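Worth saying up front: this structure is predicted, and the values here are computed from it rather than measured.
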Amino acid sequence: MVDASVDLEALRGQMLTESFFARDARVVARALIGTRLVHVRGNRVQVARIAETEAYRGPTDRACHARFGETERTRHIFGDPGTAYCFLVYGMHDCFNVVTKGMRAGHAVLVRGAVVADDEDARADGPGRFSRVLGFTRKDSGRSVMSESLFFVPASKRARVVVTARVGVAYAEEDADLPLRFYDAEGSGVSRPPPSQIGRGQRTRKT
DNA sequence: GACCGGATTATG
DNA sequence: ATAATCCGGTCA
């Protein structure tokens, strides 16, 4: 029995397809703000409005896992656009990414925060919390995000998007300061980075 | 084979 | 401020 408050077929009809994901991660990361991720889990359907993302731009990006080349862990980041790439960080938190660009470019967008519809109690601000609330673990790596049970639909309204440096990648030297983190200026579902990282390279734009 | 450190979070 | 907790990448 599926949640009657969600018209799943109507949502599926709006599914974002390969052409959306087959672009540079920087472009997709920004475009993803305000979109909704639909996850069908047994008889539950979760709809999460994406509030925060980061772009990781392949082997030459010193913060990107693709810099290790294609290993067991990083295999799926070299998959087709619209593939999920999931991994474990700090031994305890899973992170959920969407592969972009294609041509084995190793680009991906990390989802760092969202607001889950009809679930005020479920905090999904922060990459670990987002993945836990939506049930993603590294077992989901390689899954398609253009499937009946997992897919994105376009934003219902325009978002003001704030751009900053990425969080937690200080080790990446010059690439640490690139403006590749995007979040909805409205603020709900956005993680609260450590004070040392707030305001790095920040600027607001309309999209 | 060992060792290091991380795309984080909860708690003091 | 700091512990928790695992595993891949790196070097021996």
Side-chain angles (χ1 to χ4, degrees), chain A residues 21 24-33 37 48 50-79 81 83-101 105-116 119 121-143 145 161-184 187-202:
Chain A
F21 300 103
D24 191 296
R26 176 171 48 195
V27 174
V28 178
R30 170 186 288 264
L32 238 20
I33 300 299
L37 179 61
I50 305 303
E52 179 181 350
T53 60
E54 280 175 358
Y56 289 84
R57 305 184 61 235
T60 60
D61 178 353
R62 318 259 294 195
C64 183
H65 288 175
R67 72 187 184 280
F68 299 119
E70 195 169 340
T71 68
E72 189 54 35
R73 175 199 183 205
T74 64
R75 177 157 104 247
H76 293 111
I77 204 175
F78 294 96
T83 300
Y85 167 55
C86 303
F87 62 90
L88 187 69
V89 249
Y90 298 110
M92 57 197 87
H93 303 294
D94 286 284
C95 288
F96 175 84
N97 302 250
V98 178
V99 174
T100 76
K101 190 129 159 87
H107 282 220
V109 174
L110 170 68
V111 177
R112 289 188 54 88
V115 177
V116 181
D119 197 348
D121 300 323
R123 278 187 70 184
D125 56 320
R129 293 191 201 102
F130 172 83
S131 301
R132 182 168 51 71
V133 166
L134 285 158
F136 298 128
T137 70
R138 46 199 186 294
K139 305 235 169 206
D140 292 293
S141 211
R143 257 177 97 176
V145 299
V161 177
V162 183
V163 186
T164 75
R166 294 172 292 186
V167 173
V169 297
Y171 60 84
E173 302 174 43
E174 61 269 15
D175 293 333
D177 294 319
L178 297 175
L180 294 174
R181 171 173 174 249
F182 305 90
Y183 66 85
D184 189 331
S188 310
V190 177
S191 69
R192 202 172 76 70
S196 59
Q197 306 226 16
I198 292 176
R200 284 193 120 195
Q202 181 169 331

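- Remark: P of B/dA10 and NE2 of A/His93 are 7 Å apart, rounded to the nearest angstrom.
- At the phosphate of B/dG6, neither OP1 nor OP2 sits under 4.0 Å from any side-chain N or O atom of A/Tyr90.
- As judged by a 4.0 angstrom heavy-atom cut-off over every strand, A/Arg138 is placed among residues touching the sugar-phosphate backbone only.
- Contacts of A/Phe68 with the nucleic acid, taken as non-hydrogen atoms under 4.0 Å apart, involve only primed sugar atoms and P, OP1 or OP2.
- Look at CD1 on A/Ile77: it is 11 Å from P on B/dA7, rounded to the nearest Å.
- Non-hydrogen atoms lying under 4.0 Å from DNA chain B are contributed by A/Tyr56, A/Ala63, all within residues 56-64 of chain A.
- Using N1 to N3 plus N6-O4 or O6-N4 for Watson-Crick, or N1-O2 and O6-N3 for G-U wobble, each under 3.5 Å, B/dA7 pairs with nothing.
- The gap from the P atom of B/dA2 to that of C/dT5 amounts to 22 Å, rounded to the nearest Å.
- The base of B/dA7 is paired with the side chain of A/His65 by a donor and an acceptor separated by under 3.5 Å.
- For the pair A/Phe136 CZ and B/dT8 P, the computed distance is 18 Å after rounding to whole Å.
- The two residues A/Gly69 and A/Thr74 have their closest heavy-atom pair at O-OG1, 2.7 Å.
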For the pair A/Asp61 and A/Arg166, evaluate salt bridge (charged side-chain N to carboxylate O under 4.0 Å, His left out) and give the outcome as yes or no after the intermediate values.
CA-CA 12 Å; A/Asp61 178 353; A/Arg166 294 172 292 186; 2.7 Å; yes
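- For the pairing with A/Glu52, the salt bridge (charged side-chain N to carboxylate O under 4.0 Å, His left out) check across A/Arg129, A/Arg192, A/Arg181, A/Arg30 returns one residue only, A/Arg181.
- Among the heavy atoms of the strands lying under 4.0 Å from A/Thr71 are primed sugar atoms or P, OP1, OP2 only; no base atom is included.
- When the side-chain nitrogen and oxygen atoms of A/Tyr85 are compared with OP1 and OP2 of B/dA7, none of them lie within a distance under 4.0 Å.
- Regarding A/Met92, its CE atom lies at a distance of 12 Å from the C1' atom of B/dG5, rounded to whole Å.
- Between A/Arg73 atom CZ and B/dG5 atom P there is a gap of 15 Å when expressed in whole angstrom units.
- In this structure, the CG atom of A/Asp125 is 8 Å from the P atom of B/dT9, given to the nearest Å.
- The shortest heavy-atom contact between A/Val190 and A/Ala51 is CG2-O, 3.8 Å.
- Nearest heavy atom pair, residue A/Phe96 against residue A/Ala84, reads CE1-CB, 3.8 Å.
- The distance from atom CZ of A/Phe87 to atom P of B/dG6 is 13 Å, rounded to the nearest whole Å.
- Here the closest heavy-atom approach between residue A/Arg57 and residue A/Ala25 is recorded as CG-CB, 4.4 Å.
- Relative orientation of the A/His65 and A/Tyr85 rings is perpendicular, given thresholds of 30° and 60° on the angle between their planes.
- Note that the first and last nucleotides of DNA chain C, 5' to 3', having any atom under 4.0 angstrom from a heavy atom of chain A are C/dA4 to C/dT10.
- Atoms CG (A/Asn97) and C1' (B/dA7) sit 8 Å apart, rounded to a whole Å.
- Note on A/Arg132: only backbone sugar-phosphate atoms sit closer than 4.0 angstrom, heavy atoms only; bases stay farther off.
- Looking only at side-chain heavy atoms (C-beta outward), A/Phe21 and A/Val109 stay at 4.5 Å or farther from each other.
- Residues A/Arg67 and A/Tyr171 share a closest heavy-atom pair of NH2-CE1, 3.6 Å.
- Annotation: cation-pi pair A/Arg73/A/Phe87 present, NZ/CZ under 6.0 Å from the ring centroid and within 45° of its normal.
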